[in-house]
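Just below is one structure, and these are the notes that go with it.
By convention here, the first residue in the shown sequence is residue 1.
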Amino acid sequence: MEYLDLKGIKPIASVVMLLLWVLVCILGLGLMALPLAALVMPALLCYGALRAGRVTALACVLLAAATAMSLGGGLAAGAIVVLLLPALCYSIYSYDRKLPFWHSALVCACMLLTGAMLCAALATYLAGGDLVGTLRDTLEALLHGMPQGDALLAALYGNGMLTVPEALTGPLAVGESFAMTPAIREELIKQLLTQVESMQRIQMPMQILSGSMLGGLMCVYLPRRYVIKHANDLDTAPLVPLEKWYLPVRVFMPVISALLVVGLIALLSDAAAVRQALYVLFAGIDLVLVLQGVAIVSWFMKKRGTRKGWRMVAVIALYVMQALLFIGFADQLFDFRGLRTPPKDTQDEEDSL
């Protein structure tokens, strides 16, 4: 088992990665996307494991668990370990054994998904069987107790996200404000909590799936990409370049068929579980096609000699415009890069999922 002795390595790298992970989790909590943020960030520790050493990365896991224990007790520490440690260890193991890229990413994704489901099941049990309901109650108490609660509610009302019945305010002219009375405050809080609860019941399973998929992929891609870039003299583990990422037809067609079948059942049934399954399936295929869109944009611009910085700007702009999904779907239909029929003498089983 070869230890990577790369130039310029500093043990502080994994600590910086851990702090970045904490900051992103805080941001994810503020955006109500904590599952997605928490599942993607283990990739930073995998990256730091090859940059700063495995002992440093494991120490960061223990530090994260100790911090979680101080804030939420032993169960919170166990949840952190379950999320971070298996994917970190397998990422290092797959690199040392030089396992195939997509195989390693799939295993890491399954580990993250299993860990996230275990944590969600435990949290649901501790919350009395309704995790989202408990989060709703916590948010309600926070809104009643925070001094900026009225300003937040007024801002959401001004943006059109919340409404106030005319019976509570009386006739108002266009652009006219109203006084925040206890009755109006309770009505606004009730609307906000209803929106948040309905959104989280849909979004949480979707974020767990998409976060596990993206996190598993990054747990393998980031460390291998770093080593290949900075240690060309080493016999590194295989890596599929971003420009060659695509979803083969043998995987795409069954997934689309399942999506159509579940969608048809959802139209004929009012079961909430069927609609939830449809949303989760769509989240998975959406992420795959968005990544394929990123791959083709990167391939197109790299082929024309565009600098990396401008490629990143283009990808971010297209993502904001919701265009990457359609670009990935178009590439799936028309195969712009010709990856489905490579020459026989250069065909590589690692070129696809």
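- To the nearest 0.5 Å, the span separating CG on L264 from CG on L259 amounts to 11.5 Å.
- Clustering ILVMFWY residues whenever any of their side-chain heavy atoms sit less than 4.5 angstrom apart, transitively, puts W310 in a cluster other than the one holding L324.
- Linking ILVMFWY residues whenever their side-chain heavy atoms come closer than 4.5 Å, directly or via other members, places F282 and V251 in the same cluster.
- More than 12 heavy-atom neighbours from other residues, nucleotides or ligands sit within 6.0 angstrom of CZ on F336.
- Looking at M312 and M301, their side chains never come closer than 4.5 Å, going by heavy atoms from C-beta outward.
- Under 3.5 Å, the side chains of Q191 and Q195 contain no donor-acceptor pair of N or O atoms.
- When every heavy atom of A120 is checked against every heavy atom of I208, the shortest pair comes out as CB-CD1, 4.3 Å.
- At least one donor-acceptor pair under 3.5 Å links the side chain of T134 to the backbone N or O of A127.
- Nearest approach of I296 to R337, heavy atoms of both residues: N-NH1, 4.1 Å.
- Nearest heavy atom pair, residue M204 against residue L131, reads SD-CD2, 4.0 Å.
- A donor-acceptor pair under 3.5 Å is absent between the side-chain atoms of R225 and the main chain of L239, judged by distance alone.
- The structure places CG of L209 at 11.0 Å from CG of L214, a figure rounded to the nearest 0.5 Å.
- Seen from the ring of Y226, R224 does not count as a face-on cation partner, given the 6.0 Å and 45° thresholds.
- The closest donor-acceptor contact from the side chain of Q203 to the backbone of S198 lies at 3.5 Å or more, if one exists at all.
- Taking CG from L162 and OG1 from T194, the interatomic distance works out to 10.0 Å, rounded to the nearest 0.5 Å.
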So V288 and M213, side-chain contact (heavy atoms from CB on, under 4.5 Å) or not? Walk me through it. CA-CA 9 Å; V288 171; M213 294 171 59; 3.6 Å; yes
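- A donor-acceptor pair under 3.5 Å is absent between the side-chain atoms of T306 and the main chain of K302, judged by distance alone.
- One N or O on the side chain of D335 and one on the backbone of L339 form a donor-acceptor pair closer than 3.5 Å.
- Across S104 and L99, no two heavy atoms sit closer than the pair OG-CB, 3.5 Å.
- The main-chain N or O of A295 is never found under 3.5 Å from a side-chain atom of S298 such that the two would form a donor-acceptor pair.
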Could you check K190 against R185 for side-chain contact (heavy atoms from CB on, under 4.5 Å), going step by step and ending with a plain yes or no? CA-CA 9 Å; K190 179 181 177 181; R185 182 184 298 107; over 6 Å; no
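- Judged by distance alone, the side chain of W245 and the main-chain N or O of V240 form a donor-acceptor pair under 3.5 Å.
- There is a path of hydrophobic side-chain contacts, each under 4.5 Å, that joins I256 to L289.
- Rounding to the nearest 0.5 Å places CD of Q292 at 11.0 Å from CG of L242.
- Of all heavy-atom pairs spanning L287 and S210, the tightest one is CD2-O, 3.4 Å.
- V262 and L267 fall into different hydrophobic clusters, where Ile, Leu, Val, Met, Phe, Trp and Tyr side chains are chained together by heavy-atom contacts under 4.5 Å.
- At most 12 heavy atoms of other shown residues, nucleotides or ligands fall within 6.0 angstrom of atom CE in M161.
- Here the side chains of V220 and V107 are not in contact, with every heavy-atom distance at 4.5 Å or above.
- Heavy-atom contacts from other residues, nucleotides or ligands closer than 6.0 Å to CZ of R307 number 12 or fewer.
- Considering CG of L193 and OG1 of T138, their distance stands at 10.5 Å, rounded to 0.5 Å.
- Inter-residue side-chain proximity for L247 and Q332 is flagged as met; some heavy-atom pair is nearer than 4.5 Å.
- Using a cutoff of 4.0 Å between basic side-chain nitrogens and carboxylate oxygens, E197 and R201 are scored as salt-bridged.
- Checked against the 6.0 Å centroid threshold, Y221 and W102 do not count as a close aromatic pair.
- With hydrogens and angles disregarded, a donor-acceptor distance shorter than 3.5 Å links the side chain of Q276 to the backbone of I202.
- Residues A87 and L112 come closest through the heavy atom pair CB-CD2, 3.8 Å.
- In this structure, CD1 in I265 is found 10.0 Å from CG in L278, a value given to the nearest 0.5 Å.
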Residues L192, L156; criterion side-chain contact (heavy atoms from CB on, under 4.5 Å); working and verdict: CA-CA 9 Å; L192 177 59; L156 293 176; 3.8 Å; yes
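- In this structure, the side chains of L217 and L291 come closer than 4.5 Å at one or more pairs of heavy atoms.
- A 4.5 Å side-chain heavy-atom check between Y319 and V294 finds every atom pair outside the cut-off.
- If you chain together hydrophobic residues whose side chains sit under 4.5 Å apart, L85 and L122 never meet in one group.
- Checked by atom type and distance alone, the side chain of S94 pairs as donor or acceptor with a backbone atom of S91 at under 3.5 Å.
- Inter-residue side-chain proximity for L88 and L84 is flagged as unmet; no heavy-atom pair is nearer than 4.5 Å.
- Counting heavy atoms from C-beta on, the side chains of Y246 and F252 never come closer than 4.5 Å.
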